[in-house]
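The structure appears below as structure tokens.
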Number of protein chains: 2
Amino acid sequence: MKVTESRREFDDACGIAHALELIGERWGLLVLRELLFGPRRFSDLKADLPGITPSVLTQRLSEFEDRGLVRKSRLPPPASVWVYEATEWGLDIEAALITLGCWALRSPRHDSTKPVNASSVMLSLKANFDSVKAQGFRARLGFRLGEKEFVVRVEDGEIEVRRGETSGADATFTGAPTGVVEVMFRGAPDALAIEGDMAIARRFTEMFSLPAKAAQ
Amino acid sequence: MKVTESRREFDDACGIAHALELIGERWGLLVLRELLFGPRRFSDLKADLPGITPSVLTQRLSEFEDRGLVRKSRLPPPASVWVYEATEWGLDIEAALITLGCWALRSPRHDSTKPVNASSVMLSLKANFDSVKAQGFRARLGFRLGEKEFVVRVEDGEIEVRRGETSGADATFTGAPTGVVEVMFRGAPDALAIEGDMAIARRFTEMFSLPAKAAQ
DNA sequence: CGGCATCCGGGAAGATACTG
DNA sequence: CAGTATCTTCCCGGATGCCG
């Protein structure tokens with residue numbers, strides 16, 4: 001379905017202006033954030049974005065489809081359900097999301113008591129991963145955050161995160177999304193339950209460094 | 001004047017969600033872009049953002065003031081006019097703007113025939129500056145794009161751009177904003193008039209490299 | 001004239017209900 | 001489960017007017 005261009009375009013060839021035409025509508029960036037780690041169903045997205053209404057989600061997804069950011073596809077039988085998936089180019093917005101998110105966290109108005117989203121914390125792992133500290137390390141880590149499962153692969157100083165079963169991981173962290181922040185960024189190892197190879201798990205928790213709070 | 005929080009907040013501690021609360025409203029990022037290279041008057045901003053209405057500009061500026069992104073100050077006499085100026089933290093959004101803009105330029109929908117804004121091209125210089133190519137180079141370059149003047153300082157592989165008089169520059173480029181794109185990124189040296197030290201000017205034009213268009 | 005405030009119309013987003 | 005449909009609210013854009 002073709003959705004009419006929702007907001008008037010800016011008369012400006014600037015990349016920033018065009019970015020706003022692509023992803024500037026309300027909820028847009030948060031929908032993309034939810035798609036960073038793999039395809040998702042409509043109801044998953046709705047559940048993970050508390051406050052979004054079905055009609056707005058429908059709009060954002062079909063606009064993104066028109067704009068080449070998202071693809072809608074049907075999983076093979078027996079699943080046979082529709083999923084939404086970011087395109088290659090759509091996924092490339094990750095770097096901008098990370099930069100923007102890190103900037104915003106320095107706001108005096110940031111309210112860290114709000115609920116923490118699973119995709120958000122998994123993205124923060126990528127944002128604050130220190131590839132120097134990961135030299136010579138290679139492992140698969142599982143994360144079980146409520147119902148949601150993620151697999152993190154570290155290799156050659158690179159980190160990769162995707163949704164998927166945690167079985168087969170060298171070590172698995174289980175708990176609430178906030179626990180990830182506690183363990184990786186605040187050195188509180190008990191905020192998540194750890195199973196599997198403890199040495200690998202411990203070493204992994206040391207691979208993150210938060211940027212110094214700017215003097216401002 | 002205190003402006004009531006315009007849009008309901010997202011119930012999400014994620015940095016991206018907070019970024020949207022800070023700068024997600026229409027025209028917001030473009031207003032900030034205009035403030036990247038120095039303080040500006042209300043009427044300057046209005047003139048440089050064709051299509052924005054005074055009331056929306058008023059809103060964005062006072063919201064940004066409330067949020068600590070922008071400061072309003074009065075220039076010393078004899079000027080004695082009000083100017084809007086990005087705070088330190090506000091200026092730090094530059095990196096996110098560059099990442100986002102470069103991403104958006106890869107859109108198949110990008111229309112490069114639209115008018116080009118002076119701040120936009122000056123920002124593109126920072127975005128595509130290759131510090132390796134600038135090793136051992138030190139100069140002040142002037143840019144006269146219509147009425148607007150910018151000074152670029154290159155030193156120790158760093159580039160700095162601000163609004164200001166071009167007098168005292170080692171070399172000065174004069175022409176339309178599009179000319180900057182032609183000269184620096186497309187190797188068309190005649191798209192701008194050059195005065196001053198030609199060797200410095202030529203060398204400067206070689207210091208930019210556009211990222212390869214992603215395969216997509 | 002610069003720097004807004006105000007009023008109005010259109011349209012996007014929110015709330016809720018409903019359907020295949 | 002995956003969306004529509006409808007109604008309401010409120011932001012944005014455009015015009016106009018005020019005021020130092």
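Naming: A, B, ... by sequence-line order, numbering from 1 per chain.
When rounded to the nearest whole Å, the span between CD of B:E25 and P of D:dC12 equals 6 Å. Here D:dA15 presents its P atom at 17 Å from CG of B:L57, a figure rounded to the nearest Å. Counting to the nearest Å, the C1' atom of D:dG13 and the CG atom of A:D11 are 15 Å from each other. Distance, B:L61 CG to C:dC4 P: 8 Å, rounded to whole Å. Distance CG (A:D48) to P (D:dA2): 13 Å, rounded to an integer number of Å. Between B:L30 atom CG and D:dG13 atom P there is a gap of 11 Å when expressed in whole angstrom units.
Side chain of B:R71 to main chain of B:T87: no donor-acceptor pair is present (N/O by atom type, distance under 3.5 Å, no hydrogens or angles).
In terms of phosphate contacts, A:Q59 brings a side-chain nitrogen or oxygen within less than 4.0 Å of OP1 or OP2 of C:dA13. Put simply, A:R26 has no side-chain N or O that comes within less than 4.0 Å of OP1 or OP2 on D:dC11. When the side-chain nitrogen and oxygen atoms of B:W27 are compared with OP1 and OP2 of D:dG13, one or more of them lie within a distance under 4.0 Å.
Annotation: salt bridge (charged side-chain N to carboxylate O under 4.0 Å, His left out) contacts of B:D48 (sequence neighbours excluded): B:R40, B:K148. Applying the salt bridge (charged side-chain N to carboxylate O under 4.0 Å, His left out) criterion to B:E94, with sequence neighbours excluded, gives B:K126. Taking the ring-ring contact (aromatic ring centres under 6.0 Å, His included) definition, one finds that B:F10 meets it with A:W27, sequence neighbours left out. Remark: B:R186 pairs with B:E182 by the salt bridge (charged side-chain N to carboxylate O under 4.0 Å, His left out) rule, at least two apart or across chains. Scanning for side chain to side chain donor-acceptor pair (under 3.5 Å) contacts around B:S112 gives an empty result, with sequence neighbours left out. Qualifying salt bridge (charged side-chain N to carboxylate O under 4.0 Å, His left out) partners for B:R41, counting only residues two or more places apart in sequence or in other chains: none.
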I'd like a table of atom pairs between the protein and nucleotides 1-3 of chain C - only N or O on both sides, under 3.5 Å - with the distance next to each one.
from	atom 1	to	atom 2	distance (Å)
C:dG3	OP2	B:S43	N	2.9
C:dG3	OP2	B:S43	OG	3.1

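The nucleotide whose nearest atom lies closest to any side-chain atom of B:P54 is, among D:dG13, C:dC4, D:dC12, C:dC4. The side chain of B:T53 lies closest to D:dG14 when the candidates are C:dA15, C:dC4, D:dG14.
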Less than 3.5 Å apart, which donor and acceptor atoms pair up between the side chains of residues 158-176 of chain A and the rest of the protein, not counting sequence neighbours?
from	atom 1	to	atom 2	distance (Å)
A:R163	NH2	A:S119	OG	2.9
A:T166	OG1	A:E149	OE1	3.3
A:D170	OD2	A:R140	N	2.8

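The C1' atoms of five pairs define one axis at each end of the helix from C:dC1-D:dG20 to C:dG20-D:dC1, and these two axes lie 30° apart (to 10°).
For the pair B:T53 and B:T58, the minimum side-chain heavy-atom distance is 4.5 Å or more.
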